[in-house]
Visitor: 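Structure in structure tokens, see below.
No experiment lies behind these values; they were computed from the predicted model shown. Per chain, numbering begins at 1; letters A, B, ... match sequence-line order. What you see below is based on every heavy atom in this structure, not just the backbone, and it leaves out hydrogens, waters and symmetry mates.
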Amino acid sequence: MYELVAPAPGGAALIRRLGRTGRPTGDTECVAQAELPEAVRRIEQRHGPRWVWERTAEVYPALLTAGVEVDRCHDLSLSAAILASSAFVSPAYTPRIGLPGSTDPDAEPAGVLAPGPLSPFQGTLFEPAAARGPGIDELEDELQSQLAAVARSPAASRLRLLLAAESAGALIAIEMQQAGMPWDAAVHDALLTARLGPRPSPGARPALLEAKAGELRTLLGAPRLNPDSPRELMQALHRAGVEARTTRAWELRQFRHPAITPLLEYKKMARLLSANGWAWIDAWVRDGRFRPEYVVGGVVTGRWASRGGGALQIPAEVRSAARALPGHRLVVADAAQLEPRVLAALAGDGAMAEAARGQDLYAGIAASGFGGDRTQAKVALLGAIYGATTGESGRLMPQLTRMYPRAVALVEQAARDGERGLTVTTHLGRSTPAPSARWRASQRTTTAEEQRRGDAVARDRGRFTRNFIVQGTAAEWAECWMADLRGRLRRIRRQGLTAELVYFLHDEVVIHAEEAAAEACAAAAREAARAAGRLLFPGVPVEFPLTVAVVRSYDQAK
DNA sequence: TCGCATCGCGCG
DNA sequence: AAAGCGCGCGATGCGA
């Protein structure tokens, strides 16, 4: 059933077999750290247990390096974070181990999640500091306490699915990091050179960017302007008669002045240079792969975050550098309009599910109520999910409410609850953190001015909780999707073919596969999406179609 | 020189 | 503060 792995003093590792409730069912095996991969391989082949460890990121890299993959695990730290705040757990469960992000073993286990630097080590199985962390008996206790918390929950099967998906995500994050996104530095360099000029010496502006800056200085009559400084830029614009309040691109676009167009071009080019220029290649591309670190559960809603290289913000502009190796393809699969579909399923809104029947949900909704205007349908729906009150989407809300009363009522209720400081919870059981100190202060106001500001703070929280249930449940769908897909790709690999997950972006995955396996991977992604829909929403008639592209480079998808 | 806040912009 | 959610990260500017 379970095999618990824990560090032991003297650089050893302990392995203990546990039953359904986390009680030992056999002896504890002690192996040298260097022998752990082999021991894991042996046990994995014998009975394919669910591996239990404190943090996947501390154990799994070394196993993978030794060529040992595991089928499934239970990540105690990630599970603790979910259970500690889940409204589905009652009476409350208190973790006895550190939560993700707290590397300090003395840290208050149930305390606030202090965003400390995680340093998942690469070379050895356990950091030296971990020796002072929980030992095997504490980890066994913790597992029992988590399993008990799940078992007494009225939503036990949902929580079980959530913990399994999150733990699978932890495995996938490490596997993807080791695989890396195939990245052609020469292609990247060529596109930088075309856009900015040849690579300059460090600190200098590339030629085309410098030329653009010169043009700007002339047009604004500001010969010493540094366009990278918002303050200097602001002053120069004002002197030139452009009365912008900020120097953001969207605002500058409103003004008519000869300098605006070159300024917007400068900003675009400067952004490319600083965010994804040559320094980025040097820092993040090695051996033809971009290897970011994925932080599972790094976002409050349950989405993944990343560390290093801005992995989840790779601009369209440089995606042509993500190229399949010769004889290979990138299979790019994207869940079409995931969040609105999740809303339809969550709310059990039959009318919305009906409109979502086809590949394009917005078109379906437009056809049944916005006079066929797809843009309007999209603006209205996103406004409902994000909490827009003014502008076009605000005006479209009454119409949307008439068409889909259940879906709108669901997000409205989440917003009201959030404003009042209540917890809201995703479909599988991830709950919002307790209201911030700022929100609590907003409840104690005396003057009218304080009252007004307090209301604004409450509405902020309402928009957060409104979005939380949708974004968070979408993240659960995506994690279940990917976990199921991982299993299918492993089966494809067992036929001797190359097929590996190399990138994940909230509602989109990239698989690197040899040509002969590409179509099978595309089919696997589609089947996994159906499986995820059934897992989360059994019996609910909402479809989760994918857009799948088999391409040579990432920019060729969509 | 460093840490920290702010601005701005990329992604979903 | 884009019309509204969630992030990461680089450059600048300021105070220590």
Visitor: B:dT6 and C:dA1: how far apart are their P atoms, nearest whole angstrom?
Guide: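 These two P atoms come out 12 Å apart once rounded.
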Visitor: Using only modelled atom types and a 3.5 angstrom limit, is any donor from either the side chain of A:Arg463 or the base of C:dC5 paired with an acceptor on the other?
Guide: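 Donor-acceptor pair under 3.5 Å: no.
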Visitor: Mind checking A:Gly309 for me? I need base, sugar-phosphate or nothing, with any heavy atom below 4.0 Å counting as a touch.
Guide: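 If one applies the 4.0 Å heavy-atom cut-off, A:Gly309 turns out to touch the sugar-phosphate alone, with no base involved.
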Visitor: Pick base, sugar-phosphate or nothing for A:Asn276, based on heavy-atom distances below 4.0 Å to the nucleic acid.
Guide: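 Answer is nothing: A:Asn276 stays at 4.0 Å or more from every strand.
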Visitor: Need the pair for C:dG4. Rule: Watson-Crick or G-U wobble, both distances under 3.5 Å, any strand; none if unpaired.
Guide: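 Pair assignment: C:dG4 / none.
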Visitor: Let's test your reading of the model: under 3.5 Å, does the base of C:dG10 pair with the side chain of A:Arg271 as donor and acceptor?
Guide: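 Check fails, no donor-acceptor contact within cut-off.
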Visitor: Could you check which of C:dG6, C:dA11, C:dC7 has an atom nearest any side-chain atom of A:Ala305?
Guide: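 Of the candidates, C:dC7 comes closest.
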Visitor: With sugar-phosphate meaning primed atoms plus P, OP1 and OP2, does A:Arg466 contact a base, only sugar-phosphate, or nothing at under 4.0 Å between heavy atoms?
Guide: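 Touches nothing.
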Visitor: How about A:Arg486 and A:Met482: do any of their side-chain heavy atoms sit closer than 4.5 Å?
Guide: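 They are not in side-chain contact.
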Visitor: Answer yes or no: is there an ion pair linking A:Glu419 with A:Arg461, defined by an N-O contact shorter than 4.0 Å?
Guide: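 Not counted as a salt bridge, because no side-chain N and carboxylate O are separated by less than 4.0 Å.
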Visitor: Could you check whether A:Ala249 gets within reach of a base, just the sugar-phosphate, or nothing at all, counting any heavy atom under 4.0 Å?
Guide: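 It contacts sugar-phosphate atoms only.
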Visitor: If you look at every strand shown and take non-hydrogen atoms under 4.0 Å, does A:Ser229 touch a base, only sugar-phosphate, or nothing?
Guide: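 Touches sugar-phosphate only.
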Visitor: Mind checking A:Ala316 for me? I need base, sugar-phosphate or nothing, with any heavy atom below 4.0 Å counting as a touch.
Guide: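 Sugar-phosphate: the residue A:Ala316, judged by heavy atoms under 4.0 Å, touches backbone atoms but no base.
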Visitor: With heavy atoms under 4.0 Å as the rule, sort A:Lys378 into base, sugar-phosphate or nothing.
Guide: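 Nothing, no nucleic acid heavy atom in range.
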Visitor: For A:Arg231 and B:dA5, give me the distance from atom CZ to atom C1', rounded to whole Å.
Guide: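 The answer, rounded to whole Å, is 14 Å.
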Visitor: Is any side-chain heavy atom of A:Asp228 closer than 4.5 Å to a side-chain heavy atom of A:Tyr266?
Guide: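 Yes. Closest side-chain heavy atoms under 4.5 Å.
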Visitor: Measure from CD1 on A:Ile314 to P on C:dC9 and round the result to the nearest Å.
Guide: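 Between P of C:dC9 and CD1 of A:Ile314: 10 Å.
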Visitor: Tell me, do A:Leu78 and A:Val296 make a side-chain contact under 4.5 Å, heavy atoms counted?
Guide: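 Sidechains of A:Val296 and A:Leu78: in contact.
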Visitor: Once hydrogens and angles are ignored, does a donor-acceptor distance under 3.5 Å link the base of C:dG6 to the side chain of A:Gln471?
Guide: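 There is none.
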Visitor: Given C:dC9, C:dC5, B:dG8, identify the nucleotide with an atom nearest to the side chain of A:Pro230.
Guide: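 Within the option list, the nearest is B:dG8.
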Visitor: Between C:dT12, C:dC5, B:dG12, which nucleotide gets closest to the side-chain atoms of A:Phe464?
Guide: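 The answer is C:dC5.
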Visitor: When we call it a touch if two heavy atoms are under 4.0 Å apart, what does A:Gly308 touch: a base, just sugar-phosphate, or nothing?
Guide: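 A:Gly308: backbone/sugar contact only, no base atoms under 4.0 Å.
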Visitor: Whole angstrom is fine here: how far is it from CG in A:Leu272 over to C1' in C:dA11?
Guide: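 Checked: the CG to C1' distance equals 16 Å.
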Visitor: Using a 4.0 Å heavy-atom cut-off across all strands, classify A:Val300 as base, sugar-phosphate, or nothing.
Guide: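 Result for A:Val300 = sugar-phosphate.
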Visitor: Touch check for A:Arg319, heavy atoms < 4.0 angstrom, all strands: base, sugar-phosphate only, or nothing?
Guide: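 Touches sugar-phosphate only.
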